[in-house]
Amino acid sequence: MDIYKKYAEQLVETGHAYYEETEQGVAIRQKMPTVGETTFYDVLHGNITIANSELEDQVLLKSDGMPTYNFANVVDDHLMEVSHIIRGTEFITSTPKHVLLYEFFGWELPTFIHLAPVMGKAADGSISKLSKRHGATSFNDLIEAGYLPEAITNYVALLGWSPKNSCQEIFSMDELIKNFSLDGLSKSPAVFDYAKLDWMSGEYFKAMSDENFAQAAEKYFADFDEPRKIFLASLLKTRVAKLSDIPAMIDFLKNLPPFDAELFSNKRNKVTPQKSAEILKPAIKLLETVDDWSLVTLNEKISAFVTESGLKVGTVMWPLRIALSMQKVTPGGVTEILYLLGKKDSLERLNDALRNLQ
RNA sequence: GGCGCCUUCGUCAAGUGGUUAAGACACCGCCCUCUCACGGCGGGGUCAAGGGUUCGAAUCCCUUAGGCGUCACCA
């Protein structure tokens, strides 16, 4: 603390600051020039000029002996030999005060770069500085939601910066460091777009190995054995934007949604509840005879079944998937679900569905 | 209110006097397909407005509008 006091007093001696006595105690204020203007160079914005008459005599050292931010940042940055000051645009208007301080002390000016803030779009369409009310916004919030740190960094880097002579969007941390340059920065505020973050995040998941994805999603795969975890990973990694999407996608494997005959109707595949029952019956018979409950075998058996039936693939698969999952959309097809469920559960679900259909 | 910063598709953005104004996300359509997704192909959509300067303006100048910020013994 003493060092700030020392510098503040030095300014008083040189006539650039003065003591102010109030009920609160004694403070030191910076004496601003009343005429002229102060100009500083910002890498992004060029020269910025503000009339000195706009500047108020700001407090440097508070009556409790603590320095104000506007004073401390100048002293600190000089002492720490900071060469580039990169901060938000909200500091632009106070920068002339800092610049004057540097001049009073005879210190070398650092390079200033004022970046635009990241904005958020509210439900009503209004745009303002990104904050809690826009949803998960801090890095930790996003991690919590199941985005990969690399994906978040990559996305945020592209908010306000873009590579020169390139349209590349996916950057590893190394590439980011290597490609980053000041002249790729943009001056205008950028709106944080969750849809694009989702896309980019998905790209990262798709690029992962099944093993790594399974590991990242570990907490959601607790109910499955090792081979099934890896298999689930292969199915899920191309369909997920964030890890927290997983539970809703695989819940049906543990908890079968209530029976709904309507789901068995599908126009495109020419399936009706009645037709479904006709298909389910022989299919169950066939599956009961399968001992090697593996993906390849299951696939072979079902393909053969389809061929024998003379029906279209979709016509056969539709009722099976509905019976097994009770939902129109599932990660993976019939064979995959059969495998994940195991023989016992699969047959149980199939039989229940058949019974309910009749 | 004074002062300052900002303004290219819905969003992120290339672009720095002559381009059919890139690309990405999103959206729509088609293809692939046992659903969704993935993948492939294609489509609509943008220079805030008005004045100049110029043979020629998204690019330069002025004005207006809008957005944001700042005017603390906060950081």
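Labels below follow one simple rule: chain letters A, B, ... track the order of the sequence lines, proteins then strands, and each chain is numbered from 1. Small disclaimer: the values here were computed from a predicted structure and weren't measured.
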Q. In whole angstrom, what separates A:Asn154's CG from B:rC25's C1'?
A. 13 Å

Q.
Let's see if you can work this out: which of B:rA75, B:rG10, B:rC5 has an atom nearest to the side-chain heavy atoms of A:Asp193?
A. B:rG10

Q. When you check the gap from the basic side-chain N to the acidic O, do A:Lys164 and A:Asp183 get nearer than 4.0 Å?
A. no

**Q.** Side-chain donor-acceptor pair present, A:Tyr155, A:Asp193, cut-off under 3.5 Å
**A.** no

Q. Of all of residues 162-176 of chain A, which get a heavy atom below 4.0 angstrom from RNA chain B, listed by number?
A. A:Ser162, A:Lys164, A:Cys167, A:Glu169

Q) According to a strict under-4.0 Å criterion, is A:His114 in side-chain N/O contact with OP1 or OP2 of B:rC5? A) no

Q) Does B:rC3 have a Watson-Crick or wobble mate here (both distances under 3.5 Å), and if so which one? A) B:rG69

**Q.** Electrostatic pair A:Asp352-A:Arg355, nearest N-O below 4.0 angstrom
**A.** yes

Q | Salt bridge flag under 4.0 Å for residues A:Glu169 and A:Lys196 | A | yes

(Q) Can you identify which nucleotide, out of B:rC25, B:rC34, B:rC38, has its nearest atom closest to the A:Thr238 side chain? (A) B:rC38

(Q) Please determine whether a side-chain nitrogen or oxygen atom of A:Lys62 lies at a distance below 4.0 Å from atom OP1 or OP2 of B:rC74. (A) yes

**Q.** Within 45° cone and under 6.0 Å: A:Arg228 NZ/CZ vs A:Tyr339 ring
**A.** yes

Q) Hey, is the side chain of A:Thr93 pairing donor to acceptor with the base of B:rC71 inside 3.5 Å? A) no

Q. For the side chain of A:Lys196 and the base of B:rA24, is some donor closer than 3.5 Å to an acceptor across the two?
A. yes

Q.
Closer than 4.0 angstrom, basic N to acidic O: yes or no for A:Lys229 and A:Glu218?
A. yes

Q: Would you kindly check whether a donor in the side chain of A:Thr22 faces an acceptor in the base of B:rC73, or vice versa, at under 3.5 angstrom?
A: yes

**Q.** NZ (A:Lys206) with more than 12 external heavy atoms under 6.0 Å
**A.** yes

Q: Determine the Euclidean distance between corresponding P atoms of B:rA14 and B:rC31; express it in Å to zero decimal places.
A: 37 Å

Q. Could a donor-acceptor pair under 3.5 angstrom be found where the side chain of A:Arg268 meets the base of B:rU33?
A. yes

Q: Using the C1' atoms only, state how far B:rC68 lies from B:rC28, rounded to an integer number of Å.
A: 34 Å

Q) Of the candidate nucleotides B:rA72, B:rC34, B:rC36, which contains the atom at the shortest distance from the side chain of A:Met317? A) B:rC34

Q: Name the nucleic acid region contacted by A:Glu56, choosing base, sugar-phosphate or nothing; use a 4.0 angstrom heavy-atom cut-off, strictly under.
A: sugar-phosphate

Q. 5'-most contact on RNA chain B: A:Pro67 or A:Gly314, nearest heavy atom basis?
A. A:Gly314

Q: Verify the contact: side-chain N or O of A:Arg239 to OP1 or OP2 of B:rC38, cut-off strictly under 4.0 Å; return yes or no.
A: no

